[in-house]
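Worksheet: one structure, shown below.
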Amino acid sequence: MVAPVKPTITIDELEKVDIRVGTITLVEDVENSRKLIKLTVDFGDFTRTILTGMKGERENPKEIEGQQALFVVNLAPRKMAGELSEGMLFDIGYADGIVPVLAQPEKPIPNGTRLG
């Protein structure tokens, strides 16, 4: 079953979201969590720690090390399981009950490249 489309937003609302390409340089376990893993992500001019609920979704979460993906970089930092997350990974499928995959550029591009 296809999920309904979310409520309409304006272009001004969409432009507030800063989405950038980053390379996942390190994947680490978050020991105090059943779901979270910690990503270290290179965005070119800066590096961020981003937590994501990927544990259990993949047999080997380290398989995404070295891969580029899309991230929201202007979310307020959030503490989870004693760790600080400074953004959000875009993955595709979880909300629809399928094994998630990364949202990725079709070919390598410079880290920090913005969506839009």
Side-chain angles (χ1 to χ4, degrees):
M1 179 178 195
V2 176
V5 174
K6 292 181 179 181
T8 300
I9 63 171
T10 67
I11 193 71
D12 291 338
E13 291 171 310
L14 180 61
E15 287 178 354
K16 291 178 183 179
V17 182
D18 191 343
I19 302 169
R20 299 191 186 209
V21 173
T23 297
I24 301 163
T25 59
L26 184 62
V27 176
E28 299 175 280
D29 185 45
V30 175
E31 291 184 19
N32 300 332
S33 175
R34 294 184 339 258
K35 294 172 59 175
L36 295 174
I37 60 168
K38 179 166 65 170
L39 308 177
T40 301
V41 185
D42 176 6
F43 291 100
D45 290 343
F46 59 95
T47 299
R48 294 272 175 91
T49 297
I50 296 179
L51 303 179
T52 182
M54 187 178 288
K55 199 186 293 184
E57 294 175 1
R58 293 173 180 266
E59 192 170 313
N60 178 16
K62 285 202 111 13
E63 70 189 3
I64 64 170
E65 268 184 15
Q67 293 192 43
Q68 286 190 313
L70 299 178
F71 298 85
V72 176
V73 296
N74 65 332
L75 282 176
R78 181 176 168 199
K79 198 158 199 162
M80 298 183 281
E83 301 272 350
L84 189 64
S85 184
E86 305 170 294
M88 185 184 86
L89 167 71
F90 272 110
D91 64 357
I92 303 165
Y94 179 79
D96 293 311
I98 61 173
V99 176
V101 296
L102 299 179
Q104 299 182 297
E106 67 180 80
K107 61 185 177 182
I109 58 175
N111 288 333
T113 301
R114 295 175 294 155
L115 204 72

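The basis for the numbers below is simple: all heavy atoms, side chains too, and nothing from hydrogens, waters or symmetry mates.
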Any idea which heavy atoms bring Ala81 and Asn32 closest together, and the distance?
O-ND2, 3.7 Å

Is the CG atom of Asp45 crowded by more than 12 outside heavy atoms at less than 6.0 Å?
no

Would you say Ile109 and Phe90 are hydrophobically clustered, going by side-chain heavy atoms of ILVMFWY under 4.5 Å?
yes

When rounded to the nearest 0.5 angstrom, what distance separates CD in Glu86 from OG1 in Thr40?
9.5 Å

Please find the pair of heavy atoms, one from Val21 and one from Phe43, that lie closest to each other, and give the distance.
O-CD2, 3.5 Å

Would you find more than 12 non-hydrogen atoms of other residues, nucleotides or ligands less than 6.0 Å from Phe46 atom CZ?
yes

Got a second to check how far Ile19's CD1 is from Leu14's CG, nearest 0.5 Å?
6.5 Å

Checking the side chain of Thr23 only, and the main-chain atoms of Asp42 only, is there a donor and an acceptor separated by less than 3.5 Å?
no

Does a sphere of radius 6.0 Å around NZ in Lys35 hold more than 12 heavy atoms from other residues, nucleotides or ligands, not counting ones at 6.0 Å or beyond?
no

Is there a side-chain contact between Thr25 and Gln67 in this structure, where contact means two heavy atoms from C-beta onward sitting under 4.5 Å apart?
no

Apply the test side chain to side chain contact (heavy atoms under 4.5 Å, CB included) to residues Leu89 and Met54: give CA-CA distance (whole Å), side-chain angles for both, the deciding distance (0.1 Å), then the verdict.
CA-CA 10 Å; Leu89 167 71; Met54 187 178 288; 3.6 Å; yes

Verdict with reasoning, Phe71 to Ile24, per side chain to side chain contact (heavy atoms under 4.5 Å, CB included):
CA-CA 10 Å; Phe71 298 85; Ile24 301 163; 3.8 Å; yes

Would a hydrophobic clustering, with Ile, Leu, Val, Met, Phe, Trp and Tyr connected at side-chain separations under 4.5 Å, put Ile92 with Val99?
no

When you look at CD of Glu31, are more than 12 heavy atoms from neighbouring residues, nucleotides or ligands closer to it than 6.0 Å?
no

Judged by atom type as modelled, is there a donor-acceptor pair below 3.5 Å linking the side chain of Lys38 to the main-chain atoms of Glu28?
no

Would you compute the distance between atom CG of Leu51 and atom CG of Leu84 and round it to the nearest 0.5 angstrom?
7.5 Å

Is it true that a side-chain atom of Glu15 and a backbone atom of Asp12 form a donor plus acceptor pair closer than 3.5 Å?
no

Which heavy-atom pair separates Glu57 from Pro100 by the least distance, and what is that distance?
OE1-CG, 3.3 Å

Do you reckon Val41 sits in the same ILVMFWY cluster as Val72, going by side-chain contacts under 4.5 Å, direct or chained?
no

Start with the C-alpha gap between Ile64 and Arg58, add the side-chain angles, then the distance that decides, and say whether side chain to side chain contact (heavy atoms under 4.5 Å, CB included) holds.
CA-CA 10 Å; Ile64 64 170; Arg58 293 173 180 266; 3.6 Å; yes

Say whether, by atom type as modelled, one donor and one acceptor occur between the side chain of Asn74 and the main chain of Asp18 under 3.5 angstrom.
yes

Might you point out which heavy atoms bring Asn111 and Gly22 nearest each other, and give the distance in Å?
OD1-C, 3.7 Å

Heavy atoms, side chains only, cut-off 4.5 Å: are Glu83 and Leu36 in contact?
no

Where is the tightest heavy-atom contact between Ile50 and Gly87, given as atom of each residue plus distance?
CG2-O, 3.6 Å

Within the distance-only criterion (no hydrogens, no angle test), does the side chain of Gln104 pair as donor or acceptor with the backbone N or O of Gln68 below 3.5 angstrom?
yes

State whether the number of non-hydrogen atoms from other residues, nucleotides or ligands found under 6.0 Å of Glu59 atom CD is greater than 12.
no

Once rounded to the nearest 0.5 Å, what's the spacing between atom OG1 of Thr113 and atom CZ of Arg20?
9.0 Å

Met80 and Ile37: same hydrophobic cluster, using ILVMFWY side-chain contacts below 4.5 Å?
no

